[in-house]
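In this text the structure is predicted, and so the values were computed from the model without any measurement.
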Amino acid sequence: MGTRTDVFLSHDLARFDDAAETIARLNRTLPEAFAVRDYWRRVDPDSPETDDRWEAEPVVPRLPHMRRYNGPGSLYLTVTPAAAKITTGGRWRGFLSIQPLREVHLAAFRAIASALHSSELALCAGSRDDVFDLFLANATQDACIAQLRSAMGDPQPSVESIAPEIVAQTEHGVPSVWFLDGRANDG
């Protein structure tokens with residue numbers, strides 16, 4: 001299958017579990033989410049259909065401190081009291097090596113960040129269990145970023161233009177790199 005892409009965000013939701021407020025904010029991101037959905041339909045006509053709107057998943061009783069949402073384009077959002085995380089159906093290796101895939105996803109990530117009033121996005125491979133475990137333990141985005149920095153060093157200089165040596169690494173594995181992006185859309 002491959003390693004998915006994760007994006008760690010902050011948020012200013014008064015209540016992390018207010019699904020109506022979160023959906024209202026996510027609805028502002030529908031044009032960018034539809035662009036991701038349409039990208040996948042173009043490049044993989046056999047890809048499974050995805051949602052045409054943002055929807056809240058049922059609350060998981062053993063995880064009462066989080067809410068999950070599904071959106072168009074295989075975009076998924078998880079919100080805790082302290083932070084939020086986007087996960088995609090798109091894989092990390094593709095995100096790093098396929099510019100059109102990266103561009104459409106970045107626009108969606110930035111729109112979601114803007115809707116949640118997060119000024120930064122921390123992007124990494126979804127296989128970072130150390131960061132995910134912190135997130136699940138109600139860590140802030142800053143704590144998740146500190147863990148990424150501690151485990152992998154400084155972020156790459158630009159998520160807009162991936163260094164050729166990193167793109168080359170995608171041919172043989174999952175590059176151990178991460179990015180910090182401060183270009184959320186105004187919203």
Side-chain angles (χ1 to χ4, degrees), residues 1-13 16 22 26 29 32-33 36 63 65-69 71 73-99 101-185 187:
M1 272 304 259
T3 302
R4 296 184 187 271
T5 302
D6 281 349
V7 182
F8 293 90
L9 312 163
S10 61
H11 68 76
D12 69 348
L13 294 163
F16 82 96
T22 304
L26 289 172
T29 73
E32 292 85 359
V36 173
L63 299 171
H65 65 286
M66 67 174 26
R67 284 303 310 254
R68 294 180 179 167
Y69 303 88
S74 296
L75 294 169
Y76 309 97
L77 179 71
T78 304
V79 181
T80 70
K85 180 178 77 78
I86 303 166
T87 302
T88 70
R91 306 303 187 217
W92 184 239
R93 289 166 58 178
F95 180 83
L96 295 173
S97 62
I98 304 169
Q99 185 172 349
L101 182 152
R102 183 172 53 257
E103 288 172 351
V104 74
H105 280 80
L106 268 176
F109 299 161
R110 289 171 176 160
I112 294 167
S114 179
L116 297 177
H117 300 140
S118 179
S119 62
E120 290 185 310
L121 301 88
L123 301 96
C124 65
S127 59
R128 296 298 320 182
D129 291 339
D130 55 340
V131 183
F132 184 64
D133 290 345
L134 275 175
F135 174 77
L136 285 179
N138 204 30
T140 64
Q141 181 197 33
D142 287 341
C144 294
I145 289 170
Q147 179 59 33
L148 285 166
R149 195 177 302 275
S150 172
M152 295 192 298
D154 289 333
Q156 294 297 303
S158 172
V159 71
E160 301 278 340
S161 177
I162 308 300
E165 59 272 13
I166 293 171
V167 173
Q169 290 174 27
T170 66
E171 294 295 321
H172 305 289
V174 179
S176 183
V177 297
W178 69 288
F179 300 87
L180 194 57
D181 182 63
R183 295 192 48 205
N185 295 336

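Using a distance-only test at 3.5 Å, with no hydrogens or angles considered, a donor-acceptor pair links the side chain of H65 to the main chain of L136. A distance-only check finds a donor-acceptor pair linking the side chain of N138 to the backbone of A82 [under 3.5 Å]. Between the side chain of Q141 and the backbone N or O of E120 there is at least one donor-acceptor pair closer than 3.5 Å. Remark: side-chain polar atoms of R93 are not paired, donor with acceptor, to backbone N or O of V174 under 3.5 angstrom.
Residues F8 and F135 share a closest heavy-atom pair of CE2-CB, 3.8 Å. Between A113 and L9, the shortest heavy-atom distance links the atoms CB-CD2, 3.9 Å. Counting all heavy atoms, side chain and backbone alike, Y76 lies closest to G89 at CE1-N, 4.2 Å. Closest approach of L101 to H105, counting heavy atoms only: O-ND1, 2.9 Å. Across all non-hydrogen atoms, the minimal contact from T3 to S127 is CG2-N, 3.4 Å. Considering every non-hydrogen atom in both A139 and A83, the closest pair reads O-CB, 3.5 Å.
Looking at heavy atoms from C-beta onward, L121 lies out of side-chain contact with F179 at the 4.5 angstrom threshold. Counting heavy atoms from C-beta on, the side chains of I145 and W178 come closer than 4.5 Å. Side-chain contact check for D12 versus L116: every heavy-atom pair is 4.5 Å or farther apart. D154 is listed as a side-chain neighbour of R149, based on a closest heavy-atom distance under 4.5 Å. Residues E32 and F109 fail the side-chain proximity criterion, which asks for heavy atoms closer than 4.5 Å. Side-chain contact between S74 and V36: absent, with no pair of heavy atoms (C-beta onward) separated by less than 4.5 Å. Taking 4.5 Å as the limit, every side-chain heavy atom of I162 sits out of range of all side-chain heavy atoms of V177. Contact annotation: the side chain of H11 never approaches that of T22 to less than 4.5 Å [non-hydrogen atoms, C-beta and beyond].
Q169 and E165 form no side-chain donor-acceptor contact under 3.5 Å, judged by distance and modelled atom types alone.
Atom-to-atom distance recorded for L96:CG and T5:OG1 is 7.0 Å, nearest 0.5 angstrom. Within the model, atoms CG of L63 and OG1 of T80 stand 11.5 Å from one another, a figure rounded to the nearest 0.5 Å. The line from CG of D130 to CE of M152 is 7.5 Å long, rounded to the nearest 0.5 Å. Atom CG in L148 sits 9.5 Å away from atom CG in D6 (nearest 0.5 Å). Taken from CZ in F95 to CG in L106, the straight-line distance is 4.0 Å, to the nearest 0.5 Å. Separation of atoms CZ (R91) and CZ (R4) is listed at 4.0 Å; rounding is to 0.5 Å.
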